[in-house]
Q: 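Before anything else, here's the structure in question.
Reckoned from all heavy atoms, side chains included, excluding hydrogens, waters and symmetry mates. Predicted, not measured: the structure shown is a model, and the values here were computed from it. Below, read A as the first sequence line, B as the second, and so on, with proteins coming before strands; counting in each chain starts at 1.
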There are 2 protein chains.
Amino acid sequence: MLKETYSIFFGTLDNKYRFKIISLLREGSKNVTQICKVLNMNQTTVSHNLARLKTCGFVFVRNDGNERIYSLNSRTIKPLMKLIDEHMGTYCKKLCKC
Amino acid sequence: MLKETYSIFFGTLDNKYRFKIISLLREGSKNVTQICKVLNMNQTTVSHNLARLKTCGFVFVRNDGNERIYSLNSRTIKPLMKLIDEHMGTYCKKLCKC
DNA sequence: TTAGCATATGTTATAAATAACATATACTTA
DNA sequence: TAAGTATATGTTATTTATAACATATGCTAA
């Protein structure tokens with residue numbers, strides 16, 4: 001695996017808005033407009049960030065009329081979040097309080 | 001867990017040099033001078049990046065005379081790398097060829 | 001106790017990422 | 001097929017991160 005690969009992986013996840021989108025999609029699939037409303041985000045920003053999440057395989061899309069329904073790749077995201085929570089809980093208690 | 005927590009986690013890993021350091025430490029513990037030599041990196045850059053890796057609990061340090069021996073937190077890093085390799089291999093085959 | 005080596009930290013010019021504007025595309029209904 | 005709705009994409013000012021310089025700290029041995 002190339003080292004750039006990891007940069008793409010982590011770089012995509014290291015963003016407040018992309019993380020909010022992922023968190024929202026954990027509750028269920030949503031279209032772009034719904035994501036914009038719930039997160040109070042600009043549509044262009046949402047679409048740009050969804051594009052990057054999609055490129056990295058963190059979300060999937062399907063068309064429904066003129067809407068695009070985005071869903072989460074739980075197979076990766078779930079164990080990833082579990083790993084992070086465990087890590088931060090064990091090794092970074094002070095950081096988490098900030 | 002606060003969302004900033006994730007940003008610290010991913011932001012720390014999303015860096016070419018920090019990733020190189022992690023990769024090197026997977027082979028075994030090293031002091032700062034050794035890391036500088038092997039990776040052909042400036043000492044200040046190495047120390048700055050080690051500090052961040054340490055803050056996030058990705059590496060541990062112990063003193064040995066006037067040297068500092070850095071070792072990897074394999075408990076987090078190993079399953080994390082496995083997860084990424086599997087994810088990228090399954091969902092991002094095209095990306096990995098770039 | 002001082003000289004030298006190993007490492008850490010304060011600071012900042014430069015490089016890179018972000019967020020939003022402007023606009024394009026694509027689907028749908030009348 | 002025209003008009004409206006939903007979403008995507010090209011571009012760029014602004015924000016943020018990086019990398020290295022300068023320097024400080026801490027350990028060791030003479």
Q: Can you tell me if the side-chain N/O atoms of T33(B) get under 4.0 Å from OP1 or OP2 in dC5(C)?
A: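 It does not, given that no N or O in the side chain of T33(B) lies less than 4.0 Å from OP1 or OP2 of dC5(C).
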Q: The side chain of N42(A) lies closest to which of these nucleotides: dC21(C), dT9(D), dA20(D)?
A: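 Minimum distance to the N42(A) side chain belongs to dC21(C).
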Q: Looking only at side-chain atoms of N31(A), point me to the closest of dG26(D), dT7(D), dC21(D).
A: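 Looking only at side-chain atoms, N31(A) lies closest to dT7(D).
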Q: Applying side-chain contact (heavy atoms from CB on, under 4.5 Å) between K30(A) and each of I35(A), L39(A), I21(A), report the one that passes.
A: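 Of the listed options, the one satisfying the test is I35(A).
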Q: R68(A) has a side chain; which of dT18(C), dA8(C), dT7(D) sits nearest to it?
A: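 So the side chain of R68(A) is nearest to dT7(D).
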Q: Please determine whether a side-chain nitrogen or oxygen atom of T45(A) lies at a distance below 4.0 Å from atom OP1 or OP2 of dA20(C).
A: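 Checking dA20(C) against T45(A), a side-chain N or O does come within under 4.0 Å of OP1 or OP2.
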Q: What nucleic acid atoms does N63(A) come within less than 4.0 Å of, heavy atoms only: base, sugar-phosphate, or nothing?
A: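 Here N63(A) touches no strand at all.
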Q: Looking at the side chain of N66(A), which of dT7(D), dC5(C), dT28(C) is the nearest nucleotide?
A: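 Of the candidates, dT28(C) comes closest.
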Q: Between R18(A) and dT18(C), does any side-chain N or O lie under 4.0 Å from OP1 or OP2?
A: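 Checking dT18(C) against R18(A), a side-chain N or O does come within under 4.0 Å of OP1 or OP2.
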Q: So, is Y70(B) near the phosphate of dA8(C), with a side-chain N or O under 4.0 Å from OP1 or OP2?
A: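 Yes, Y70(B) has a side-chain N/O under 4.0 Å of OP1/OP2 on dA8(C).
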Q: In whole angstrom, give the distance that lies between atom CG of N15(B) and atom P of dA16(C).
A: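 Going from N15(B) (CG) to dA16(C) (P), I get 12 Å.
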Q: Rounded to whole Å, how long is the line connecting atom CG of D14(B) with atom P of dA17(C)?
A: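 Going from D14(B) (CG) to dA17(C) (P), I get 8 Å.
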Q: Choose from dA6(C), dG10(C), dT18(C) the nucleotide whose nearest atom is closest to any side-chain atom of H48(B).
A: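 The listed nucleotide nearest to H48(B)'s side chain is dG10(C).
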